[in-house]
Amino acid sequence: MASPTVGFVGLGNMGAALADNLVRYGFDVIAYDVAGPDRAPERARFAADLAEVAREADIVVFSLPDGTVSEKVAAEIAGTAERRVAHIIDTSTIGVAAAGRITELLTAAGIGYVDAPVSGGVAGARARKLAVMYAGPDDAVQAVYPVLTGLSDKIRRVGDRAGLGQALKLANNFLSATALAATSEAVAFGVRAGLDMKTMIEVLNTSSGRSAATDDKFPNDVLTGRYGSGFANTLMAKDVRLYLAEVREAAAPDTVGATTEDIWKRFAAAEPGVDFTRIYPFVEGTPSAEGTA
Ligand code: NAD
């Protein structure tokens, strides 16, 4: 087959960077976002509506807020008259259950589905260093492989059915959310004890407390006061909520998970939509449980 026409739905913080990668990689891209064309890559066509994407693209990539939206967009594409789309790649974080429902509805319509959630932030996406953890049956994976390689240089198949990518992504984001919340508490303590934050982060990064929170989020977003990672706290709260729901469904251990979920839920409710790295000032301003008793 000649190079496929790639549809891209959802041009937000992450989607705009990923769609741009596909254009730069040489794909003919037709893009769509309900919010309009502002963030469409320069050399992509912007579709008037979703039906135009469904009629013109062979493979469609999603970067949408959550499972409810992905499911709705998948159903609309599947139901479009004279549809051309044969495969969908979902890079959104939607959870295992939503991936299962979408697999069912797309399979019934004869559309192959590969879930391919991503990790590494908007800066990672632009640098083609985003981890893309994809899963799906052999035929679907084979058909979409060239498009996956257009998204990033760090792609890895993690399973033979859609949903397994989601399980790994939720486990990852639980760890990322926990490390960032815990690092925020540790730094708040250190600063109160009289340490300089920059010195603390530098030493933590050569010590056993190191994580993506200490070697990326704190130096790039907290210490600089930039708070501009491009990932909203409401999205992180969604990811931890999905993680915990699926942990409980699987009757897996949830002690740390429950605490992490509680912190992110309170933060997202208090300041909805702010950059997730602002968890540091949020945690810093939260008195200890002992102090509030
Ligand atoms: P975002 O809110 O910036 O972008 C979502 C986009 O989807 C918006 O532009 C919105 O207008 C569009 N949209 C919503 N409903 C739509 C519809 N029905 N049809 C077409 N477009 C629609 O979110 P984001 O940060 O780009 O994240 C997208 C997905 O990627 C989420 O699932 C998120 O959890 C995941 N993710 C994001 C990051 C990150 O660093 N931003 C990292 C890893 C994973």
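The figures here come from the full heavy-atom set of this structure, side chains too, leaving out hydrogens, waters and symmetry mates. Both ligands and their constituent atoms are indexed starting at 1 by order of listing.
- Taking only nitrogen or oxygen atoms, main chain and side chain alike, Ser229 does not reach within less than 3.5 Å of ligand 1.
- With respect to atom 9 (O) of ligand 1, the closest heavy atom belonging to the protein is Asp33 OD2, 2.6 Å.
- Within a 6.0 Å radius of CZ in Arg210, no more than 12 heavy atoms belonging to other residues, nucleotides or ligands are found.
- At least one N or O atom of Gly230 sits closer than 3.5 Å to an N or O atom of ligand 1.
- With respect to atom 32 (O) of ligand 1, the closest heavy atom belonging to the protein is Leu64 O, 2.8 Å.
- Remark: ligand 1 and Phe231 share no N or O pair separated by less than 3.5 Å (distance only, no angle test).
- Among protein heavy atoms, atom 25 (O) of ligand 1 sits closest to Leu235 CD1, 3.5 Å.
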Step-by-step salt bridge (Lys or Arg N to Asp or Glu O under 4.0 Å) determination, Arg55 to Glu82: CA-CA 6 Å; Arg55 285 193 303 267; Glu82 295 175 48; over 6 Å; no
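- Between atom 28 (C) of ligand 1 and the options Ala31, Ser63, Ser70, the minimum heavy-atom separation is to Ser63.
- By the 6.0 Å contact criterion, CZ on Arg156 is open, its count of non-hydrogen atoms from other residues, nucleotides or ligands being 12 or less.
- With a heavy-atom cut-off of 4.0 Å, Val34 touches ligand 1 through backbone and side chain alike.
- Counting protein heavy atoms under 4.0 angstrom from atom 2 (O) of ligand 1 gives zero.
- Checked against the 6.0 Å centroid criterion, the rings of Tyr280 and Tyr227 do not qualify as a close aromatic pair.
- For the 3.5 Å distance criterion, the side chains of Thr260 and Thr178 qualify, holding a donor opposite an acceptor.
- In this structure, a donor-acceptor pair under 3.5 Å is absent between the side chains of Asn21 and Arg126.
- Every atom of ligand 1 with a heavy atom of Pro65 under 4.0 Å away is listed here by number and element: 7 (O), 14 (C), 31 (C), 32 (O).
- For ligand 1, the polar-atom distance check finds no N/O of Thr91 at less than 3.5 Å from any of the ligand's N/O atoms.
- The line from CG of Leu180 to CD1 of Ile279 is 6.0 Å long, rounded to the nearest 0.5 Å.
- If you number the atoms of ligand 1 from 1 as listed, the ones under 4.0 Å from a heavy atom of Gly121 come out as 40 (O).
- Short contacts between ligand 1 and Ser92, defined as distances under 4.0 Å to a heavy atom of the residue, involve ligand atoms 32 (O).
- The closest side-chain donor-acceptor pair between Tyr113 and Asp90 falls under 3.5 angstrom.
- One finds a salt bridge joining Arg248 and Asp254 here, because a Lys/Arg side-chain nitrogen approaches an Asp/Glu carboxylate oxygen to under 4.0 Å.
- Counting only non-hydrogen atoms, the option in Met236, Met14, Lys72 that gets closest to atom 42 (C) of ligand 1 is Met14.
- For atom 35 (C) of ligand 1, the closest non-hydrogen atom on the protein side is Thr93 OG1, 3.8 Å.
- In this structure, CD in Glu76 is found 12.5 Å from CD in Glu71, a value given to the nearest 0.5 Å.
- Contacts of Ile94 with ligand 1, taken as heavy-atom pairs under 4.0 Å, are absent altogether.
- Distances below 4.0 Å separate heavy atoms of Val118 from the following atoms of ligand 1: 43 (C), 44 (C).
- For atom 15 (N) of ligand 1, the nearest protein heavy atom (residue, atom name, distance) is Val69 CG1, 3.5 Å.
- In terms of N/O distances under 3.5 Å, ligand 1 is not approached by Val9.
- Taking CG of Asp33 as the reference point, atom CZ of Phe8 lies at 10.0 Å (rounded to 0.5 Å).
- Nearest protein neighbour of atom 4 (O) of ligand 1, counting heavy atoms only, is Gly12 CA, 3.2 Å.
- A salt bridge links Arg157 with Asp138; the closest basic N to acidic carboxylate O contact falls under 4.0 Å.
- The shortest N or O to N or O distance between Lys238 and ligand 1 is under 3.5 Å.
- The closest approach between any non-hydrogen atom of Lys169 and ligand 1 is below 4.0 Å.
- Leu64 and Leu170 fall into different hydrophobic clusters, defined by Ile, Leu, Val, Met, Phe, Trp and Tyr side-chain heavy atoms under 4.5 Å apart, directly or through other members.
- Within the 3.5 Å criterion, the main-chain N or O of Asn220 finds a donor-acceptor partner in the side chain of Thr224.
- On a distance-only criterion, Asn13 and ligand 1 share at least one N/O pair closer than 3.5 Å.
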